[in-house]
Amino acid sequence: MSDYFGKDVPKLGFGLMRLPKKGISIDIEQVKEMVDLFMEAGFTYFDTAYVYPGSEAAAKKALVDRYPRDSYTLCTKINAFMLAPTENAAKKQFYTSLKRTGAGYFDYYLLHAFMENNYKKYDKFHLWDFVKEQKEKGLIKYFGFSYHDGPELLDRILTDHPEVDFIQLQINYADWEDPSVASRANYEVARKHGKSITVMEPVKGGKLANPPKEVKKLFDAYHPDMSYASWAIRFVASLDGIITVLSGMSDIQQMKDNLSYMRDFKPLNEEEQEIIRKAQRIMGNSSTIPCTACHYCVEGCPMGIKIPDIFAAMNKQLGNGLTAEAQEDYAKAVTVGAPASACIGCKQCEQACPQHLTITEYLEQAAQMLE
């Protein structure tokens with residue numbers, strides 16, 4: 001537990017970004033069961049966002065309509081660069097989120113996905129002042145921003161805005177020293193400024209639930225009964241200053257697995273820390289595409305390319321040598337979207353990508369590999 005703003009916050013949060021689907025719609029009944037398991041285990045932190053399709057409405061049906069308001073905490077986000085062409089459109093997101101969730105107020109509220117190419121838009125649209133006004137009105141309890149860039153910019157923003165209550169960072173053991181994500185460096189900047197942290201992508205979009213074979217051998221040799229995801233989440237939860245670790249659970253089994261080791265959370269011991277360090281060295285040699293399947297790139301693609309699905313197919317070949325499976329998954333991806341070769345190189349996807357991937361180059365590679 002983390003003593004934060006005068007109360008204890010359980011170390012596991014429910015990220016409502018990758019909810020289970022029934023066909024093309026969110027499976028609300030399964031989400032309800034997941035929420036029930038989560039709440040019964042003593043966990044209370046839920047994280048959604050205006051731009052997560054269907055997520056805020058699902059939070060209302062599965063959580064808000066079924067539990068007393070003081071029994072859980074809810075976080076959502078305002079986004080100034082997706083679906084927000086004007087200042088009024090951006091500010092309207094806050095009121096839409098209140099209506100969608102029916103929550104009455106937000107315990108935590110974030111300016112969403114700061115990067116070098118978009119953070120100034122939050123100043124341009126006067127959103128810092130806007131969220132502070134909502135806090136003064138009691139519609140927001142605590143506010144901050146989520147972040148996807150380097151430590152220098154983070155240091156600058158926190159120096160300019162010491163009033164933020166907390167920040168949300170991408171932290172996982174695979175990205176700890178990755179220069180494009182800078183998990184460690186960003187974490188250290190946040191702590192230098194005295195900010196507590198909520199963590200996103202602790203399992204790297206699910207990739208660390210199925211790590212390379214060499215990493216699996218390491219983990220299995222030490223504790224064969226623990227899931228690979230548990231190593232990732234416990235690594236982050238063991239850090240100082242962590243409010244909660246958001247797990248984007250997609251089915252009941254993932255929920256049960258997370259609860260099994262986070263209900264009675266124990267930080268990594270020194271032997272386990274050394275195993276993680278070995279895993280980090282192995283992961284540094286991976287040739288896979290570090291896409292977390294956030295889908296921010298898909299919204300603005302003029303050709304309708306399902307980029308994360310294509311990258312997932314590529315990674316089966318790049319990471320595991322599963323050529324036939326890669327081609328099969330690629331064929332499925334292009335039946336609902338355009339092929340990789342349809343890319344026109346506009347790079348809208350690269351501007352939206354929190355991982356700063358050279359998406360157009362990867363799509364060219366995908367066309368050569370799989371078409």
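Values below: all heavy atoms of this structure, side chains included; hydrogens, waters and symmetry mates excluded.
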Undergrad: May I ask you to check whether Tyr362 and Phe311 place their ring centers less than 6.0 Å from one another?
TA: yes

Undergrad: Salt bridge (Lys or Arg N to Asp or Glu O under 4.0 Å) with Glu40: which residues, sequence neighbours excluded?
TA: none

Undergrad: Taking the side chain as every heavy atom from C-beta outward, state whether Phe94 and Thr76 have any atom pair closer than 4.5 Å.
TA: no

Undergrad: Test of understanding: with side chain to side chain donor-acceptor pair (under 3.5 Å), list the residues that count as partners of Glu87, not counting sequence neighbours.
TA: Lys91, His126

Undergrad: Any salt bridge linking Lys77 with Asp47? Criterion: basic side-chain nitrogen under 4.0 Å from a carboxylate oxygen.
TA: yes

Undergrad: Using a strict threshold of under 4.0 Å (side-chain N to carboxylate O), is an ion pair present between Lys22 and Glu29?
TA: no

Undergrad: Between the main-chain N or O of Thr198 and the side-chain N or O of Gln168, is there a donor-acceptor pair closer than 3.5 Å?
TA: no

Undergrad: Is Glu33 salt-bridged to Arg66, going by a charged N under 4.0 Å from an acidic O?
TA: no

Undergrad: Could you list the residues that satisfy salt bridge (Lys or Arg N to Asp or Glu O under 4.0 Å) with Lys207, not counting sequence neighbours?
TA: none

Undergrad: Return yes if some donor-acceptor pair links the side-chain N/O of Ser250 with the main-chain N/O of Arg18 below 3.5 Å, else return no.
TA: yes

Undergrad: Are the aromatic ring centres of Tyr296 and His112 under 6.0 angstrom apart?
TA: yes

Undergrad: Does Arg263 make a cation-pi contact with Phe43 (under 6.0 Å, within 45 degrees of the axis)?
TA: no

Undergrad: Quick one: sort the Tyr122 and Phe114 rings into parallel, tilted or perpendicular, breaks at 30° and 60°.
TA: tilted

Undergrad: Angle class for the Phe46/Tyr72 ring planes (parallel below 30°, perpendicular above 60°, tilted otherwise)?
TA: perpendicular

Undergrad: Can you check whether Ile171's main-chain N or O pairs, donor with acceptor, with Asp175's side chain at less than 3.5 Å?
TA: no

Undergrad: Using a strict cut-off of less than 4.0 Å between a Lys/Arg side-chain nitrogen and an Asp/Glu carboxylate oxygen, indicate whether Lys316 and Asp329 qualify as a salt bridge.
TA: yes

Undergrad: Any chance the rings of Tyr173 and Trp231 have centres within less than 6.0 Å?
TA: no

Undergrad: Please say which of Leu110, Leu16, Asp107 ends up in a side chain to side chain contact (heavy atoms under 4.5 Å, CB included) with Cys75.
TA: Leu110

Undergrad: Pick from Tyr108, Tyr147, Phe145, Tyr142: which one makes a ring-ring contact (aromatic ring centres under 6.0 Å, His included) with Phe166?
TA: Tyr108

Undergrad: Indicate yes or no: at least one non-hydrogen side-chain atom of Phe14 is less than 4.5 angstrom from one of Leu246.
TA: no

Undergrad: Hey, does the side chain of Glu116 reach the backbone of Leu153 with a donor-acceptor pair shorter than 3.5 angstrom?
TA: no

